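Treat the numbers as computed from the prediction; the structure is a model and nothing was measured. For the numbers below, each heavy atom of this structure counts, side chains included, while hydrogens, waters and symmetry mates do not.
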Amino acid sequence: MSLVHRLQTAMLLLAAVVLLACAAPASAQTPAAQPPSADLAPALEKIAADSYSDTEAALALLSTSTSPQAAVIVAALADGRLLIDAATKSVYVRAADGTLSAAATGATVSPAPAGLKAVRLNNRVRRAIDAASGALSLLAPEPARRAEAAAAVFKSRDAAALPTLQAAIAKETIPSVREALEQARAAILITAPGISEADRLGAVKLVTARGDQEALALLSNLPADATPAVKTTAEQGVAAINRSLAMWNVAQNVWYGLSLGSVLLLAAIGLAITFGVMGVINMAHGEMVMLGAYTTYMVQDVIRTSYPGLFGWSLAIALPLAFLFTALVGILIERLVIRFLYGRALETLLATWGLSLMLQQAVRTIFGPTNKEVGAPSWMSGAFQVGQLSITYNRLWIIVFALIVFVALLVVLKRTSLGLYVRAVTQNRRMAAAMGIRTGRIDALTFGLGSGIAGIAGVALSQIDNVSPNLGQGYIIDSFMVVVFGGVGNLWGTLVGAFTLGIANKLLEPFAGAVLGKIVLLVCIILFIQKRPRGLFALKGRAVEA
């Protein structure tokens, strides 16, 4: 029995240990009060005085505090949850759930003292709250908040944040955030009075390395007490920043040109096929782009009202629908109108121009003349910086999409039987017909393919342009310019021509303006065609041989 008794005792002890171990986490969840911080006492005394000037001075003290309670006090003051007891001059924080705690330590106070009142605020105190919040965010645990706070201090140049900046720089381990903190400190050193020449020179050099418009504005407005050496260094920095910004501005215009080139490529690539194979001047091609954009609008309208969770997939759903719808419209146009006008270029131009007017009026009748809203999914929203270059996600995705469409079309033309027939008809229509190829059927499918590509171009354009009945009119002339400049029926020529004209257009705009820049480009293309009538990349076909 003694053995059994020992076993029972051991089991009881083990159970007690397990119970204690399970109870330990629960007790650990109770927040412990922070020990009172010495640098909080002067600020709390001023807050307890309950005057606007004292509260403002208290915020300046809190902005330099290293106590975790400082941020709690500032946030409570901003929300009207900071309370004072006029009798005891004590300061309390009321939490969102109604519990009361001592501002100095964070310890829970129960029951709440009677007669508590909120600290009064005015506009000057609210500005001081914003400054203190920004300074305290410099020590926040999240790197993004520290970087944002550093950017705010760089703009405000509040000298009161300098001690906190020093502490934040000493603790910072992330290089990019540390650089932002040092730049904020340099901005203060440049503008604050009583700074030594050596410190200001170092700050000027650091701000010059930043190289953006804010740095340029800071160096262009030095304080009156700046020494000649500081002014000379700042002037050199301003010149260097201006040179750098000029180069970045050219790079930004090239990026805008690539973006415009991708739009022109999407709008012109289908036209290059139909013009090259069929020799048809299709003035209704822009309306195919417009129909693709309206298809996107209708898809998003249905998703918003019935399936809001699918909005992020709206463009993926709209792409095949826009292609099929506009391809079908293109085939109907070819079968009902264009096939009776082959070989008569002027008649096809007039007929397709009339069709474009009819399609525009039909859309106005159905959807109205006003612009329609087409939203962007979250993955196409926002932008990011590369140096001083701003790149928006929607333009980036459109460039990628245009290149994907280009590669897919190359695969279709080079690796499929339809592509083989299209190339055969393009090079020698009579010989292709003699070999048994049904050229009329190829014409219809080719026109449908070109119209379908225009439709998916409309899906992309709906993200960067107004969806209206006149959407296609803004791109039809530029599309013909791209096709003629690159070489009729040559896809590589269309690619090179689209990006060349897009970049040239954006580089000319700052000097000549948008309208005059287009005129200059048109004149240059006319002169180029005089020397090379077949464009950059000549391709033999029916239209060229005729």
Beyond-backbone contact of [X] with [Y], side-chain heavy atoms, under 4.5 angstrom:
X      : Y      : answer
Asn221 : Thr191 : no
Phe311 : Pro308 : no
Leu420 : Leu413 : no
Leu266 : Ile398 : yes
Leu508 : Leu516 : no
Gln385 : Ile391 : no
Met380 : Thr392 : no

> Please, which pairs that meet salt bridge (Lys or Arg N to Asp or Glu O under 4.0 Å) have at least one residue in residues 298-324, sequence neighbours excluded?
Replying inline: none
Does [X] have any side-chain hydrogen bond (donor to acceptor under 3.5 Å, both in side chains) partners at least two apart in sequence or in another chain, and if so, which?
X      : result
Asn505 : none
Glu172 : Arg146
Lys518 : Asp478
Gln360 : Glu287

Spell out, as yes or no, whether a donor-acceptor pair under 3.5 Å connects the side chain of [X] to the backbone of [Y].
X      : Y      : result
Thr305 : Val302 : yes
His285 : Ala267 : yes
Thr352 : Met283 : yes
Ser244 : Ala240 : no
Ser356 : Trp353 : yes
Trp397 : Trp379 : yes
Asn470 : Gln473 : no

List the atom of [X], the atom of [Y], and the distance in Å for their closest heavy-atom pair.
X      : Y      : result
Leu341 : Thr348 : O-CG2, 3.3 Å
Ser468 : Met290 : O-CG, 3.5 Å
Phe340 : Arg335 : CE1-O, 3.7 Å
Gly312 : Pro377 : O-CB, 4.0 Å
Phe384 : Leu396 : CE2-CD2, 4.1 Å
Thr326 : Gly292 : CG2-N, 3.9 Å

> What residues form a salt bridge (Lys or Arg N to Asp or Glu O under 4.0 Å) with Lys155, not counting sequence neighbours?
Replying inline: Glu214
>> List the residues meeting side-chain contact (heavy atoms from CB on, under 4.5 Å) with Ala498, not counting sequence neighbours, and say none if there are none.
In response: Leu264, Leu265, Val482
>> For Ala432, give me all partners under side-chain contact (heavy atoms from CB on, under 4.5 Å), at least two apart in sequence or on another chain.
In response: Ala424, Val425, Ile437
> Could you give the distance from CE (Met288) to CD1 (Ile456), rounded to the nearest 0.5 Å?
Replying inline: 14.0 Å
> CG of Leu271 to OG1 of Thr494: how many Å apart, nearest 0.5 Å?
Replying inline: 8.5 Å
> Do the numbers put Arg210 on top of the ring of Phe154, so that NZ or CZ is under 6.0 Å from the six-membered ring centre and no more than 45° off the axis?
Replying inline: yes
List the residues meeting ring pair (Phe, Tyr, Trp, His ring centres under 6.0 Å) with [X], not counting sequence neighbours, and say none if there are none.
X      : result
Phe401 : none
Phe511 : none
Tyr294 : Phe367

>> Suppose we call two aromatic rings close when their centres sit under 6.0 Å apart. Are Phe406 and Trp492 close by that rule?
In response: yes
>> Between the side chains of Lys506 and Glu509, is the shortest nitrogen-to-carboxylate-oxygen separation below 4.0 Å, so that they form an ion pair?
In response: yes
>> Among Ile526, Leu527, Ile525, exactly one meets side chain to side chain contact (heavy atoms under 4.5 Å, CB included) together with Ile529. Which residue is that?
In response: Ile525
Listing, residues 173-182 side-chain donor-acceptor contacts under 3.5 Å, not counting sequence neighbours, or none:
{"from": "Arg178", "atom 1": "NE", "to": "Glu182", "atom 2": "OE2", "distance (Å)": "3.3"}
{"from": "Arg178", "atom 1": "NH1", "to": "Ile169", "atom 2": "O", "distance (Å)": "2.5"}

